[in-house]
Amino acid sequence: MKESNAEIDVDGGLISGTLVTHEEALNSAVSIIIAGSGPTDRNGNQEGLRNDSLEKISTSLLRHQYASFRFDKRGVGKSCFPSLLESDLTIDTYVKDIHSIIQTLSDEYGFRTFNLIGHSEGGLIALLVAQTACINSLVLIATPALSFAENLIKQYQLRAPQFTEDVETILEAIKQGKAIQCGCEHLSLVFRPSVIPYIKSCYFIDPLAIASTLSRPIHVIQGDNDIQVEAMNGMMFEEVLGKSFVRLTMCKGMNHVLVRSFKDHDQNIHTYNDPTQPIHPKLQNALIDAL
């Protein structure tokens, strides 16, 4: 096993990641692991939340002699972007970063086959990349089938219904390009001016429509204890696109950070900051089957 730091030169900075290879690799492919929303590092962690979800994916792949690359997002960890502003970020920024990673792993490390493993919003980025890049296997883990706005409203309906009506009003204003008014501190933080460009860039993206344009089948892995991306999302991919195109694996008891959890909200959230929990075993098997 060889684990090394790999740096990707991109416009405006440097993406830093971890390349893991096996001396007895089964093939010349590498799986690029794409993190979900927010300031997430290469291991799947954010400030104050450590669960190592993405590092666990890499470790699972290594056990079966598969290479992987996971990375710190722009401005996170060791990925240095001196002039980066939050308002500069759009979904297209992250898509371009993956294209740059693919190019560098090909030119400098000799990989010829690429798999994408996207977690949560990272799955949406993977879908967008797959529209123009030559991808061998595409794996979506806990990826919303609903649009950005629909998924956000759904989360508020389930977890903070007192904000739902205001969120719907704000999202509609963003859609129409109007000024927004946030009536409380919480919503002022969620919809702060610097994140509006990113929200706008995601607003009209339809994951199901994008998936339907691809020529290769996709692998969808979903947990039924996920309180951020409900199980219905995984089933929607299968129902809308068909079983011949979508290979769905439902992991009983798995939550958003890819471990077994209780349905109880507080106990579920507790696992978000517990890196000792093992990755869900059915997820491991599904990943290997997909590759």
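In what follows, every heavy atom counts, from backbone to side chain, and hydrogens, waters and symmetry copies are set aside.
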Go through the steps for Phe163 and His186 under the test ring pair (Phe, Tyr, Trp, His ring centres under 6.0 Å), then give the verdict. CA-CA 9 Å; Phe163 295 120; His186 168 74; 4.7 Å; yes
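- The backbone N or O of Asn225 sits less than 3.5 Å from a side-chain atom of Asn268, completing a donor-acceptor pair.
- Thr164 and Gln157 share no side-chain donor-acceptor pair at under 3.5 Å.
- With a 6.0 Å radius and a threshold of 12 heavy atoms from other residues, nucleotides or ligands, Asp11 has its CG atom at or below the threshold.
- You'll find the side chain of Ile32 reaches within 4.5 Å of the side chain of Leu105, heavy atoms only.
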Before you tell me yes or no, could you show the steps for Tyr156 and Gln162 under side chain to side chain contact (heavy atoms under 4.5 Å, CB included), namely the whole-Å CA-CA distance, both residues' side-chain angles and the distance that decides it to 0.1 Å? CA-CA 8 Å; Tyr156 272 99; Gln162 69 274 24; over 6 Å; no
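- Annotation: the span from Ser201 atom OG to Ile91 atom CD1 amounts to 6.0 Å, rounded to 0.5 Å.
- Nearest heavy-atom pair, Ser16 versus Ser79, reported as atom, atom and distance to 0.1 Å: N-OG, 2.9 Å.
- Between Asp97 and Phe71 the shortest side-chain heavy-atom distance does not fall below 4.5 Å.
- Checked by atom type, the side-chain pair Gln277/Asp274 shows a donor-acceptor distance below 3.5 Å.
- No path of Ile, Leu, Val, Met, Phe, Trp and Tyr side chains, each step under 4.5 Å between heavy atoms, connects Tyr198 with Ile196, placing them in separate hydrophobic clusters.
- For CD of Gln176, the number of neighbouring non-hydrogen atoms (other residues, nucleotides, ligands) closer than 6.0 Å is greater than 12.
- Counted within 6.0 Å of CD on Glu185, heavy atoms from surrounding residues, nucleotides or ligands total 12 or fewer; the atom is thus considered open.
- Using a distance-only test at 3.5 Å, with no hydrogens or angles considered, no donor-acceptor pair links the side chain of Asp226 to the main chain of Glu230.
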Please table the atom pairs, donor to acceptor, closer than 3.5 Å between any side-chain atom in residues 146-153 and protein atoms at least two apart or in another chain.
residue: Ser147; atom: OG; partner: Glu150; partner atom: N; Å: 3.3
residue: Ser147; atom: OG; partner: Glu150; partner atom: OE1; Å: 3.0
residue: Glu150; atom: OE1; partner: Ser147; partner atom: N; Å: 3.1

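- Ile210 CD1 to Leu128 CG: the interatomic distance, rounded to the nearest 0.5 Å, is 4.0 Å.
- Put simply, the side chain of Lys282 gets close to the backbone of Met250: a donor and an acceptor are under 3.5 Å apart.
- Checked by atom type, the side-chain pair Asn51/Ser53 shows a donor-acceptor distance below 3.5 Å.
- Between the side chain of Lys73 and the backbone N or O of Gly36, at least one donor-acceptor pair lies under 3.5 Å.
- You'll find the side chain of Thr143 stays beyond 4.5 Å of the side chain of Asn233, heavy atoms only.
- The ring of His119 has its center closer than 6.0 angstrom to the ring center of His256.
- Heavy atoms only, all atoms of each residue included: Leu241 and Ile218 are closest at CD1-CD1, 4.5 Å.
- Atom CZ of Phe262 is surrounded by 12 or fewer heavy atoms from other residues, nucleotides or ligands within 6.0 Å.
- Closest non-hydrogen pair, Ala6 versus Leu19, comes out as CB-CB, 4.4 Å.
- Considering only heavy atoms from C-beta on, Ile33 stays 4.5 Å or farther from Leu116 through its side chain.
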Should Leu127 and Ile205 be marked as a side chain to side chain contact (heavy atoms under 4.5 Å, CB included) after you check the CA-CA gap, both sets of side-chain angles, and the distance that decides it? CA-CA 11 Å; Leu127 283 168; Ile205 295 174; over 6 Å; no
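- Using modelled atom types, one side-chain atom of Arg192 and one backbone atom of Leu189 make a donor-acceptor pair closer than 3.5 Å.
- Looking at heavy atoms from C-beta onward, Thr249 lies out of side-chain contact with Leu283 at the 4.5 angstrom threshold.
- Here the CG atom belonging to Asp224 is positioned 5.5 Å from the NZ atom belonging to Lys252, to the nearest 0.5 angstrom.
- For Glu172, the CD atom is densely surrounded, since the number of other residues' heavy atoms within 6.0 Å is greater than 12.
- The two residues Gly123 and Leu140 make their nearest non-hydrogen contact at O-CD2, 3.5 Å.
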Apply side-chain hydrogen bond (donor to acceptor under 3.5 Å, both in side chains) to residues Asn136 and Asn115 and explain how you reach the verdict. CA-CA 5 Å; Asn136 179 55; Asn115 307 313; 3.1 Å; yes
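- Minimum heavy-atom separation, Arg70 to Ser58: NH1-OG, 3.2 Å.
- For the pair Asn255 and Arg260, the minimum side-chain heavy-atom distance is 4.5 Å or more.
- In this structure, Thr40 contributes its side chain and Ala35 its backbone to no donor-acceptor pair below 3.5 Å.
- Cluster annotation: Phe69 and Leu14 are assigned to distinct hydrophobic clusters (Ile/Leu/Val/Met/Phe/Trp/Tyr, side-chain heavy-atom contacts under 4.5 Å, transitive).
- One N or O on the side chain of Thr93 and one on the backbone of Thr90 form a donor-acceptor pair closer than 3.5 Å.
- By the rule that hydrophobic residues join a cluster once side-chain heavy atoms approach within less than 4.5 Å of another member, Val240 and Val229 end up as members of separate clusters.
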Just do the side chain to side chain contact (heavy atoms under 4.5 Å, CB included) check on Leu138 and Phe114 with the steps written out, would you? CA-CA 9 Å; Leu138 177 60; Phe114 298 92; over 6 Å; no
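- If you chain together hydrophobic residues whose side chains sit under 4.5 Å apart, Met236 and Phe245 fall into the same group.
- Proximity of Val10 to Lys96: side-chain heavy atoms (C-beta onward) are nowhere separated by under 4.5 Å.
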May I have the step-by-step check of side-chain hydrogen bond (donor to acceptor under 3.5 Å, both in side chains) for Ser37 and Glu121, ending in yes or no? CA-CA 6 Å; Ser37 60; Glu121 189 177 272; 4.8 Å; no
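- A donor and an acceptor atom, one from each side chain of Tyr272 and Gln228, are located under 3.5 Å apart.
- Asp9 contributes atom CG, which lies 9.5 Å from atom OG of Ser100 (distance to the nearest 0.5 angstrom).
- Counting non-hydrogen atoms of neighbouring residues, nucleotides and ligands closer than 6.0 angstrom, the CD atom of Glu165 reaches no more than 12 such neighbours.
- Val76 and Leu49 end up in different hydrophobic clusters when Ile, Leu, Val, Met, Phe, Trp and Tyr side chains are linked at under 4.5 Å.
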Working for salt bridge (Lys or Arg N to Asp or Glu O under 4.0 Å), residues Asp72 and Arg42: CA-CA 4 Å; Asp72 299 331; Arg42 69 189 71 190; 2.8 Å; yes
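- Using a 4.5 Å heavy-atom threshold, the side chains of His22 and Leu62 count as touching.
- When atom types are taken as modelled, the side chain of Asn273 and the backbone of Arg50 share a donor-acceptor pair closer than 3.5 angstrom.
- To the nearest 0.5 angstrom, Glu238 atom CD is 4.5 Å from Leu248 atom CG.
- Rounding to the nearest 0.5 Å places OG of Ser31 at 9.5 Å from CZ of Phe111.
- One N or O on the side chain of Arg112 and one on the backbone of Ser106 form a donor-acceptor pair closer than 3.5 Å.
- Side-chain N or O atoms of Tyr66 include none that pairs as donor or acceptor with a backbone N or O of Thr21 at under 3.5 Å.
- Scanning both residues, Cys251 and Ile221, for their nearest heavy atoms gives SG-CG2, 3.8 Å.
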